[in-house]
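Just so we're on the same page: letters track the sequence lines, and every chain starts at 1.
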Protein chains: 2
Amino acid sequence: MAHSHDMPTDLTRNQELVLGTLTASSGPLSAYDILDRLRTEGLRAPLQVYRALEKLVDRGLAHRLESLNAFVACADAHCHRKGLIAFAICEGCGKVDEFADAVIESRLGAWAHAEGFKVERTTMEIRGRCAQCLKAA
Amino acid sequence: MAHSHDMPTDLTRNQELVLGTLTASSGPLSAYDILDRLRTEGLRAPLQVYRALEKLVDRGLAHRLESLNAFVACADAHCHRKGLIAFAICEGCGKVDEFADAVIESRLGAWAHAEGFKVERTTMEIRGRCAQCLKAA
DNA sequence: AAATGATATGTTATGTTATTACGCTTGCGG
DNA sequence: CCGCAAGCGTAATAACATAACATATCATTT
């Protein structure tokens, strides 16, 4: 297998370029970071990147990290939108770990049900230091 | 009692103005929203607001909503920084509900412990519709 | 093939959010 | 009084995001 991120075949050129850039990166990238890396491919304007990102995020192929104003490729080729995802972001090396927790999801659901709140989207981001960076320090 | 948010007495003038503006608002405000409301008080530059916000957030008197790039006064005069706080943000009316959940906090702690990740700060924001807005629709 | 509609694209300009850099002021402990 | 830390004011700029408009691409229907 070439790589674990088998890219969907129905992406447009811009979407493919943007997803490729995210996948190749070891950490989150801002839209402008992505743009800079794709100038050689002919991209010129922020909007070209933002539009591609919007589609990718909608499809669950990429995630937006709100606390960073940046984006990452989805770590799990199969996760596509099933349930709440939490992110652990290391301030040291910039690496992002993506995980799901059914208990947290159900607690949130319980709270929402009790309040009559209809959940549309949940953001959950942990900032701190990963094990590797702690060891190095 | 004048109001439930007994403002600390050791705030600087700018901090007091900013916190007062947040407290008076029914919803989150961006730094620039705050600035606009404080021009009459003599504030002129974004930095004056950002500096005040930084201190207020550090002290737990205000919170930053990452998914909105905006700020709210802490809803609970006594919450000052004890534990993880979640926010439910209504897309309809803009109201923000603030709550804590010990189970979620402990699940997060367990994950972090298992991974050797040192948590410094956690962001948790739910976007959706509040009961009142759902009823109105 | 022509007409239609939905989706994607390219480009310019602009809007919004946040920080850097610099210098002055104020208050407090030594 | 001196020195230092914290706060303040101002200007400039950086970083992030969208509006508005014109074109293009492609499948579907006529």
Side-chain angles (χ1 to χ4, degrees), chain A residues 7-22 25 27-59 61-72 89 91 94 96 121 123 125 127, chain B residues 7-22 25 27-59 61-72 89 91 94 96 121 123 125 127:
Chain A
M7 200 176 296
T9 57
D10 62 342
L11 297 175
T12 67
R13 170 173 159 80
N14 288 358
Q15 288 162 18
E16 202 176 304
L17 287 169
V18 168
L19 183 53
T21 304
L22 285 175
S25 168
L29 297 175
S30 76
Y32 281 75
D33 291 337
I34 296 169
L35 176 57
D36 286 340
R37 295 181 189 202
L38 290 175
R39 294 216 187 261
T40 56
E41 301 294 335
L43 267 66
R44 296 159 200 284
L47 203 46
Q48 295 176 289
V49 174
Y50 280 108
R51 288 202 274 228
L53 284 169
E54 188 187 355
K55 296 298 178 192
L56 294 171
V57 169
D58 279 354
R59 293 185 51 173
L61 298 170
H63 304 293
R64 178 189 174 94
L65 300 173
E66 301 284 359
S67 68
L68 242 38
N69 293 326
F71 301 83
V72 285
I89 302 165
E91 318 260 39
V96 177
R121 192 158 69 74
T123 295
E125 299 174 18
R127 309 286 293 264
Chain B
M7 202 176 294
T9 56
D10 62 342
L11 297 175
T12 67
R13 170 173 158 81
N14 287 358
Q15 288 163 18
E16 202 176 303
L17 287 169
V18 168
L19 182 53
T21 304
L22 284 176
S25 168
L29 297 175
S30 77
Y32 282 77
D33 290 338
I34 295 168
L35 176 57
D36 286 340
R37 296 182 189 201
L38 289 175
R39 294 217 186 260
T40 56
E41 301 294 336
L43 267 65
R44 296 160 199 284
L47 201 46
Q48 295 176 290
V49 174
Y50 280 108
R51 287 203 273 229
L53 284 169
E54 188 187 355
K55 295 299 177 192
L56 294 171
V57 169
D58 278 354
R59 294 185 51 173
L61 298 170
H63 304 292
R64 178 188 174 95
L65 301 173
E66 301 284 359
S67 67
L68 243 37
N69 294 325
F71 301 83
V72 286
I89 302 165
E91 318 259 40
V96 177
R121 190 158 68 73
T123 295
E125 299 174 18
R127 308 287 293 267

Name each donor-acceptor pair under 3.5 Å that joins a side chain in residues 29-40 of chain A to protein atoms two or more places apart or in another chain, with its distance.
{"from": "A:S30", "atom 1": "OG", "to": "A:Y32", "atom 2": "N", "distance (Å)": "3.3"}
{"from": "A:S30", "atom 1": "OG", "to": "A:D33", "atom 2": "N", "distance (Å)": "3.0"}
{"from": "A:S30", "atom 1": "OG", "to": "A:D33", "atom 2": "OD1", "distance (Å)": "3.4"}
{"from": "A:S30", "atom 1": "OG", "to": "A:D33", "atom 2": "OD2", "distance (Å)": "3.3"}
{"from": "A:D33", "atom 1": "OD2", "to": "A:S30", "atom 2": "N", "distance (Å)": "3.0"}
{"from": "A:R39", "atom 1": "NH1", "to": "A:R44", "atom 2": "O", "distance (Å)": "3.2"}

Letter per nucleotide, 5' to 3', of nucleotides 3-15 of chain D [B base touched, S only sugar-phosphate touched, - untouched; heavy atoms, 4.0 Å]
----SBBBB----

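- Residues forming a side chain to side chain contact (heavy atoms under 4.5 Å, CB included) with B:R127 (at least two apart in sequence, or on another chain): A:R121, B:S67, B:L68, B:I89, B:E91.
- Proximity of A:R64 to A:N69: side-chain heavy atoms (C-beta onward) are separated by under 4.5 Å at one or more points.
- Rounded to whole Å, the distance from CG on B:L68 to P on D:dC16 is 18 Å.
- Between the P atom of D:dC16 and the CD1 atom of A:I34 lies a distance of 11 Å, rounded to the nearest Å.
- When DNA chain C is scanned 5' to 3' for any atom under 4.0 Å from a heavy atom of chain A, the first and last hits are C:dA8 to C:dT12.
- In this structure, the CG atom of A:D10 is 15 Å from the C1' atom of D:dA27, given to the nearest Å.
- The two atoms that bring A:P28 and A:V96 nearest to each other are CG-CG2, 3.5 Å, heavy atoms only.
- Listed by chain and number, the residues in a side chain to side chain contact (heavy atoms under 4.5 Å, CB included) with A:R51 are A:L47 (sequence neighbours excluded).
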I'd like a table of donor-acceptor pairs (distance under 3.5 Å, sequence neighbours excluded) in which one partner is a side-chain atom from residues 11-22 of chain A, with atom names and distances.
{"from": "A:T12", "atom 1": "OG1", "to": "A:Q15", "atom 2": "N", "distance (Å)": "3.3"}
{"from": "A:R13", "atom 1": "NH2", "to": "A:E41", "atom 2": "O", "distance (Å)": "2.8"}
{"from": "A:Q15", "atom 1": "OE1", "to": "A:T12", "atom 2": "N", "distance (Å)": "3.3"}
{"from": "A:T21", "atom 1": "OG1", "to": "A:L17", "atom 2": "O", "distance (Å)": "2.8"}

